[in-house]
Amino acid sequence: MTTPKSDFLAAIIERGFMHQCTDLEALDQAFQDEMVTAYIGFDCTADSLHVGSLLQIMLLRWLQKTGHKPIVLMGGGTSKIGDPSFKDEARKLLSEEDIAHNKAGIQQVFAKYLTFGDAPSDAVMADNADWLDGLSYIPFLRKYGAHFSVNRMLSFDSVKTRLEREQSLSFLEFNYMILQAYDFLELRRRYGCTLQMGGSDQWGNIVNGVELARRVDQQTIFGLTSPLITTSSGAKMGKTAQGAVWLNADKLSAYDFWQYWRNTEDADVGRFLRLFTELPMDEIARLEALGGAEINDAKKILATEITRLCHGDLVAEQVAETARQTFEAGESAEGLPTVDVPGSDLAFGLGVVEALRRSGLVASNGEARRLIKGGGARVNDAQIADDAAVLGTVDVTSDGVIKLSSGKKRHALLKIV
């Protein structure tokens with residue numbers, strides 16, 4: 001089709017969010033004719049989302065920014081099964097207590113990106129446990145089971161890939177796509193929702209929901225997917241050697257979150273600016289064209305703008321200034337991640353290996369020793385060559401801290417209390 005006329009589709013296609021759509025022309029017309037209600041589902045498999053979910057959150061934000069209504073669907077029900085899409089093995093089954101705990105953690109992030117309330121385009125947060133938990137098995141099968149073709153379900157890549165690898169797919173997991181399709185039907189009936197969005201790995205599940213609404217309620221609804229994002233080097237988004245890049249500050253400090261984006265590969269700067277910030281396209285084009293050392297300026301803007309959305313204006317400016325002081329001014333900035341250490345520990349001598357582990361810069365003593373051996377460990381910006389070195393009161397700066405570093409870009413403070 002020609003360039004979409006609706007603000008939402010024009011924006012997301014220009015910025016690189018679009019992968020597949022069930023009927024792009026009809027959806028474009030719907031966006032022009034009325035306020036569209038759309039949803040994305042988030043299962044409660046951890047107590048925070050990580051940056052692998054950020055593209056989906058930004059889709060909902062653009063939806064609302066262009067005058068439409070987002071629904072955030074918490075998977076309180078489907079999390080009891082687990083989505084098998086492109087997974088090598090079944091997810092660990094979670095207790096209801098675990099799911100409730102995870103749901104509470106996940107919900108915190110959406111208030112930063114969406115406006116909730118009672119206005120027509122205000123976001124809604126729903127939970128599929130509200131309708132899935134009360135389903136009666138035999139009546140549900142009689143009413144909806146005939147509308148699903150097992151042959152068709154087996155043809156979807158998310159299932160076919162698992163079976164081709166001869167990896168077990170339980171009947172429990174196989175039910176997931178039926179329940180996700182039913183979610184779409186319920187959201188259409190309850191909220192007038194006519195669009196489900198998700199990652200490209202959800203295409204089969206989304207198409208099932210579109211077809212179920214057509215067969216059961218004779219309604220036309222739509223599906224839209226975004227590409228799965230990897231870095232230019234092929235790394236999966238949301239993971240680092242140190243672990244997941246969480247969106248909740250209690251799981252990952254805003255400083256480390258900023259640093260993750262600051263370390264973006266040169267080739268990804270323009271793409272990530274389009275997907276994860278709201279900077280104008282002409283400004284993104286200018287930043288993307290920067291070469292040599294100037295690309296680092298673009299990376300700092302990328303990191304600050306993404307942190308601004310996730311953690312707020314004040315925090316974003318603070319961590320950007322902390323980084324500037326640390327890397328450019330060589331100061332021991334107070335904004336760095338800080339761990340309290342009793343003064344008595346220093347009086348008796350604190351091993352540098354133990355200090356690195358306590359700071360969170362490494363996960364184990366063995367990792368600390370490897371870091372030191374590789375020349376990447378520093379205390380107050382001085383390289384440590386001996387893993388038997390001991391920190392004492394002489395290492396405490398005038399600010400009452402000891403600065404530890406892992407390489408050139410990860411730092412933490414030991415605050416003596």
Side-chain angles (χ1 to χ4, degrees), residues 47-48 50 101 105 108 240-263 303-304 307 310-312 314-417:
D47 58 2
S48 172
H50 59 62
H101 171 75
Q108 297 174 22
T240 69
Q242 287 73 42
V245 183
W246 301 106
L247 301 182
N248 288 16
D250 60 346
K251 297 274 288 183
L252 183 76
S253 74
Y255 179 85
D256 283 339
F257 182 80
W258 188 95
Q259 281 293 339
Y260 171 78
W261 297 105
R262 167 62 181 82
N263 295 334
T304 302
T307 305
C310 189
H311 294 288
L314 179 61
V315 170
E317 297 300 333
Q318 287 175 340
V319 296
E321 176 59 17
T322 293
R324 188 197 69 79
Q325 292 176 2
T326 302
F327 297 120
E328 297 173 19
E331 300 173 11
S332 178
E334 291 185 359
L336 291 173
T338 302
V339 176
D340 290 345
V341 172
S344 58
D345 287 5
L346 288 187
F348 294 104
L350 177 63
V352 68
V353 168
E354 169 68 9
L356 286 165
R357 188 186 62 77
R358 284 199 205 180
S359 73
L361 293 174
V362 297
S364 66
N365 290 350
E367 186 179 341
R369 292 188 179 94
R370 288 191 294 274
L371 179 67
I372 293 167
K373 185 177 180 180
R378 285 175 170 77
V379 173
N380 295 331
D381 297 321
Q383 185 174 341
I384 297 297
D386 183 2
D387 62 12
V390 174
L391 303 181
T393 54
V394 68
D395 297 299
V396 181
T397 70
S398 59
D399 297 325
V401 298
I402 300 174
K403 179 183 174 186
L404 300 179
S405 303
S406 171
K408 296 180 179 179
K409 297 181 178 180
R410 298 188 67 237
H411 310 272
L413 300 179
L414 299 184
K415 183 178 180 182
I416 312 308
V417 296

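For the single chain, residues carry numbers from 1 onward in sequence order.
By the 4.0 Å N-to-carboxylate-O rule, Arg358 lies close enough to Asp345 to be salt-bridged with it. Between Glu354 and Arg357 there is a salt bridge, since a side-chain N of the basic residue sits under 4.0 Å from a carboxylate O of the acidic one.
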Val379/Leu404 under side-chain contact (heavy atoms from CB on, under 4.5 Å): CA gap, chis, key distance, verdict: CA-CA 5 Å; Val379 173; Leu404 300 179; 3.6 Å; yes

Starting from the C-alpha separation in whole Å, work towards a yes-or-no answer on side-chain contact (heavy atoms from CB on, under 4.5 Å) for Val390 and Val352. CA-CA 5 Å; Val390 174; Val352 68; over 6 Å; no

Does the side-chain contact (heavy atoms from CB on, under 4.5 Å) test come out yes or no for Leu350 and Val341, once each step is laid out? CA-CA 10 Å; Leu350 177 63; Val341 172; 4.2 Å; yes

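Using a 4.5 Å heavy-atom threshold, the side chains of Asp47 and Lys251 count as touching. Taking 4.5 Å as the limit, every side-chain heavy atom of Ile416 sits out of range of all side-chain heavy atoms of Val401. Asn380 has its side chain within reach of Ile402: a pair of non-hydrogen atoms, C-beta onward, lies under 4.5 Å apart. Here the side chains of Asn365 and Leu356 are not in contact, with every heavy-atom distance at 4.5 Å or above. In this structure the side chain of Val353 reaches within 4.5 angstrom of the side chain of Arg369, judged on heavy atoms. By the 4.5 Å heavy-atom criterion applied to side chains, Phe257 and Val319 are not counted as neighbours. The closest side-chain heavy-atom distance from Leu361 to Glu367 is not below 4.5 Å.
With rounding to the nearest 0.5 Å, the separation of OG in Ser48 from CD in Gln108 is 8.0 Å. Put simply, CD on Gln259 and OG1 on Thr322 are 10.0 Å apart, with the number rounded to the nearest 0.5 Å. Rounded to the nearest 0.5 angstrom, Tyr255 OH and Arg410 CZ are separated by 10.0 Å. A distance of 13.0 Å separates SG in Cys310 from CH2 in Trp246, rounded to the nearest 0.5 Å.
Screening Leu391, Asp340, Thr338 against Leu414 for a side chain to side chain contact (heavy atoms under 4.5 Å, CB included) leaves a single residue, Leu391.
For Asp387, there are no side chain to side chain donor-acceptor pair (under 3.5 Å) partners at least two apart in sequence or on another chain. By the side chain to side chain donor-acceptor pair (under 3.5 Å) test, Arg378 pairs with no residue at all, sequence neighbours left out.
Side-chain atoms of Asn248 come within 3.5 Å of backbone N or O of Gly105 as a donor-acceptor pair.
Thr304 and Trp258 are linked by a side-chain donor-acceptor pair at a separation below 3.5 angstrom, with hydrogens and angles left out of the test.
Nearest heavy-atom pair, Ser405 versus Leu371, reported as atom, atom and distance to 0.1 Å: O-CD2, 4.5 Å. When all heavy atoms of Val315 and Ala254 are compared, the closest pair comes out as CG1-CB, 3.4 Å.
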